[in-house]
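Down below is the structure, laid out as structure tokens.
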Amino acid sequence: MNVPSKLASRAIEIRGLRKSFGTLKVLNGIDFTVEHGQLVCIIGKSGSGKSTLLRCINLLETPNSGQILVDGMDLTDSDVDIDAARRQIGMVFQQFNLFPHLSVVRNVSIALEKVMKRSRAESERIARSGLQRVGLEDKANAFPAQLSGGQQQRVAIARALAMEPKVMLFDEPTSALDPELVGEVLTVMRKLAEDGMTMVVVTHEMGFARELADRVVFMDSGVIVEDGPPEQVIGSPVHERTQVFLRRVLRTGDTGNSGKERGDKGTDT
Amino acid sequence: MSETKLRSSRARREMIRRIQYGVLAAAIVLAALFADWKAIRQFFFNTSIAREGLPQLFTIALKNTVVYTITGFFFGIVLGLALALMRLSSVAPYRWIAKIYVEIFRGLPALVIFLMIGSVPLVFPGFALPGGVYGMACLGLGLVSAAYMAETFRAGLQAVPKGQMEAARSLGMTNSQSMRSVIIPQAIRIVIPPLTNELVLLFKDSSLVLFLGVTSSQVELAKFGNDQAAAFANPTPILVSGLMYLLITIPLGYLARRLELHLSNAR
């Protein structure tokens, strides 16, 4: 009885994960763990496999080999009910992927109703309090197209949180946003991290990673090159590939500084 | 120098336009003068003969046209949606069956399909479709329209971005829950205008029911008009039937365009 509970003590545990699309090898043996309550940022250039790794964690991509355990549950085991497992794993997409035909409150409540089999009234009540959490209770009856990108992404976060997941995955949550809208989304994510949510964030926001991540993981060519606390991986990276990447990102995007500023001053823009 | 040239070319264009108007007006005047208005009125706009068909025109012919069309339309929707889902299935034989069906029934004239359905009772004397002519009409119109609707539904389902399914599945919804709550509602908005157009086409195709061999209580507009015209030796009833079609198809076509505009604005 002790062994499974010890496994369950890890929020996410990945062993020997491999994934290829046709002949293109995207993940070449990933070993990766996340403890409960940790915020892990995954960085790396596009095509390094970081989004694919994230999408494997809730089986939006089916791995070719390897094991993925979320809260002790082996997702790669064919006996596992993947729909039940996904309820434990919230996902936030780069393109928000809100349901355009449903109002904001229905976007948040629909899964409660269809999956958790709650009444419509109760689902919407929970949804409204979830919208309050991301500061959008006054937009409950609006439609996604009427919201700004930042607001849409906050609704998407509320939608994922409504299922009370054990783990939240963010796939470049601010990459599709205008620069002035990035802050409001990061603020919501910061609050979530402070509440102790386990989070894995694929991001280019070095400031966010430096300020809030417990660990930063640098990926390149489908492998994890460097994994450690942010001050180490971003501050004084050991590997040359990490150094090259960070030099390019911090110089061109000025992302590190502006992100740090956002972090320091708080982002209630 | 060049200015006068410019002006003269404009003047020439103006003159050509005037000539065109003039020729058109002359043609209309000549037609009005030399046409046999008495014969036209008697054979095409004969109100007393038109009145002869009056109650049955609505109670039988129009009613049957609507019944044939609507039943065929709904059969076509069900079959078309099934075929579209088969086309998008991960099971290869389903895709093949759907593709072959669409290729065959989109390529055949509707008339040929009706003639084949009409020949079934001759080949298998004991066999009869439930609903008799109504069943055969529903089958024929459904088979024809399903091929087009399958393509429409497929396009509609594919037009919903992939991220919608991913977002729904990430929330723990099953594949069929995601289809019902997220994908199909969005696809329906996309396919409403083309489906309305399909309904217009089907109204016109319902006239082919006359090749199934119908009794006097089963006639639709085209056969009704044709029978009346034969009985009175006067084509006015055919014109009346034509007007009845237009009474349905023009507002429907208008509605389809309005829906299309409305939905494209809403996006």
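Lettering of chains follows the sequences in order, A, B, ..., and the numbering in each one begins at 1. Worth knowing before you read on, the calculation uses all heavy atoms, side chains too, and leaves out hydrogens, waters and symmetry mates.
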Tell me, side chain or backbone of [X] under 4.5 Å from chain B's heavy atoms, or both, or neither?
X	answer
A/L60	side chain
A/R159	both
A/L98	backbone
A/F93	side chain

Can you tell which of [options] has the highest number of heavy-atom pairs within less than 4.5 Å of chain B?
options	result
A/N97, A/I89, A/I82	A/N97
A/M116, A/K114, A/R87	A/K114
A/A84, A/P100, A/A85, A/G90	A/P100
A/Q95, A/R55, A/Q88, A/M91	A/R55

Check: Mind checking which of residues 165-185 of chain B sit less than 4.5 Å from chain A, heavy atom to heavy atom?
Finding: B/E166, B/A167, B/A168, B/R169, B/S170, B/L171, B/G172, B/M173, B/T174, B/Q177, B/S181, B/V182, B/P185
Crowding at [atom1], [X] (>12 non-hydrogen neighbours, <6.0 Å):
X	atom1	value
A/K139	NZ	no
A/F143	CZ	yes
B/E103	CD	yes
B/R95	CZ	yes

Note to self: To the closest 0.5 Å, what do you measure between CD (B/Q164) and NE2 (A/H101)?
What the structure shows: 7.5 Å
